[in-house]
Engineer: 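Handing you this structure, nothing more for now.
If you're wondering where the values come from, they're calculated on a predicted model, not measured in any experiment. Numbering of residues begins at 1 and proceeds along the displayed sequence.
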Amino acid sequence: MASSAAYLDADENLEAIISHIEQKSRKIETLLKQSKPVEALKTALEGSPLKTRDERCKSANWIVVHRAMMAIRDVDGMFNSLDPEYYDILMKYLYRGLSTGDRPTCDQCLKIHEKLTEKAGLGCILRSLADTVNTV
């Protein structure tokens, strides 16, 4: 039941979550205009509403992460700047991107997935697939 309580806590404040995502979106747009796509991706991944069941929150955050992820041109360079703490959540978003079926999104997700798997190993894949509580 502890996980149900976590869902309730996360879902109590949906408007605050949406407001936070909107603020993040504005910050990401600023970073992208400054040609800082890795910083934009870090910002997009930070504070992702993982425990909420609300699809509106999940979709809003996916849009923000997607915008930052699609701006990445140098995938190898990205991993020189991206801390390992972001790997598992990034993997979850890569699978969400692959599930869209959108060709450019899937192409970018596959490029990042290849490098992420090289960098983080198969454990990253297993953790992201096995974790059914923290969903994106």
Engineer: Which residue pairs pass the ring pair (Phe, Tyr, Trp, His ring centres under 6.0 Å) test when at least one of the two sits in residues 41-64, sequence neighbours left out?
Structural biologist: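 Counting only pairs at least two positions apart or across chains, the ring pair (Phe, Tyr, Trp, His ring centres under 6.0 Å) contacts touching residues 41-64 are W62-H66.
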Engineer: Taking only distance into account, with no hydrogens and no angle test, what donor-acceptor pairs under 3.5 Å do side-chain atoms of residues 30-38 form with protein atoms, sequence neighbours excluded?
Structural biologist:
from, atom 1, to, atom 2, distance (Å)
T30, OG1, R26, O, 3.1

Engineer: Starting at CG of L45, measure out to NZ of K24 and round the result to the nearest 0.5 Å.
Structural biologist: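 Reported to 0.5 Å precision, the distance equals 7.5 Å.
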Engineer: In the single-linkage hydrophobic clustering (I, L, V, M, F, W, Y; side-chain heavy atoms under 4.5 Å), do V136 and L126 co-cluster?
Structural biologist: no
Engineer: For S25 and I21, indicate whether the former's side chain and the latter's backbone hold a donor-acceptor pair under 3.5 Å.
Structural biologist: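 Judged by distance alone, no pair lies under 3.5 Å.
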Engineer: Could you pull out the closest heavy-atom pair between I17 and C57, with the gap in Å?
Structural biologist: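 Taking every non-hydrogen atom into account, CG2-SG, 3.7 Å.
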Engineer: To the closest 0.5 Å, what do you measure between CG (L41) and CD1 (I72)?
Structural biologist: 5.0 Å
Engineer: When rounded to the nearest 0.5 angstrom, what distance separates CG in L116 from CG in L110?
Structural biologist: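 So the gap between those two atoms works out to 12.0 Å.
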Engineer: Taking R56's backbone N and O only, do any of them form a donor-acceptor pair with S59's side chain (distance below 3.5 Å, no angle check)?
Structural biologist: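 Side chain of S59 to backbone of R56: no pair is present.
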Engineer: Charged N to carboxylate O under 4.0 angstrom, R103 versus D107?
Structural biologist: yes
Engineer: Apply side-chain contact (heavy atoms from CB on, under 4.5 Å) to Y86 and F79, showing your working.
Structural biologist: CA-CA 10 Å; Y86 296 102; F79 284 107; over 6 Å; no
Engineer: Is a donor from one side chain sitting under 3.5 angstrom from an acceptor on the other, for S48 and N61?
Structural biologist: yes
Engineer: Looking at CD1 of I89 and CG of N134, how far apart are the two atoms once the value is rounded to the nearest 0.5 Å?
Structural biologist: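 I89 atom CD1 to N134 atom CG measures 7.5 Å (nearest 0.5 Å).
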Engineer: What about L94 and I63, same hydrophobic cluster or not, with Ile/Leu/Val/Met/Phe/Trp/Tyr joined at side-chain heavy-atom distances under 4.5 Å?
Structural biologist: no
Engineer: Rounded to the nearest 0.5 Å, how far does CD1 of I18 lie from CD of Q23?
Structural biologist: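 Nearest 0.5 Å value for the CD-CD1 distance: 12.0 Å.
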Engineer: Taking all non-hydrogen atoms of both residues, which atom of K92 and which atom of S128 are closest, and how far apart?
Structural biologist: NZ-O, 3.3 Å
Engineer: Within the side chain of D83, is there an N or O that forms a donor-acceptor pair under 3.5 Å with the backbone of E85?
Structural biologist: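 Here the side-chain-to-backbone pair does not exist.
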Engineer: State, without any angle test, whether T135 and K58 hold a side-chain donor-acceptor pair at a distance under 3.5 Å.
Structural biologist: yes
Engineer: Under 4.5 Å between side-chain heavy atoms, hopping through other hydrophobics if needed: is there a path connecting M70 to V64?
Structural biologist: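 No, separate clusters.
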Engineer: Where do L90 and M78 land on the side-chain contact (heavy atoms from CB on, under 4.5 Å) test, with the steps shown first?
Structural biologist: CA-CA 12 Å; L90 177 58; M78 175 186 78; 4.3 Å; yes
Engineer: Do T117 and M91 have side chains that approach each other closer than 4.5 Å (heavy atoms only, starting at C-beta)?
Structural biologist: yes
Engineer: Do you know the tightest heavy-atom contact between E46 and H20?
Structural biologist: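 Here E46 and H20 meet closest at O-NE2, 4.5 Å.
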Engineer: Going by the ring pair (Phe, Tyr, Trp, His ring centres under 6.0 Å) test, which pairs reach into residues 105-136, not counting sequence neighbours?
Structural biologist: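 Listed once each, the pairs are Y95-H113.
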Engineer: Please report the closest heavy-atom contact between I28 and A40, naming both atoms and the distance.
Structural biologist: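 Residues I28 and A40, closest heavy atoms: CG1-O, 3.6 Å.
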Engineer: To the nearest 0.5 Å, how far apart are CZ in R96 and CE in M69?
Structural biologist: 10.5 Å
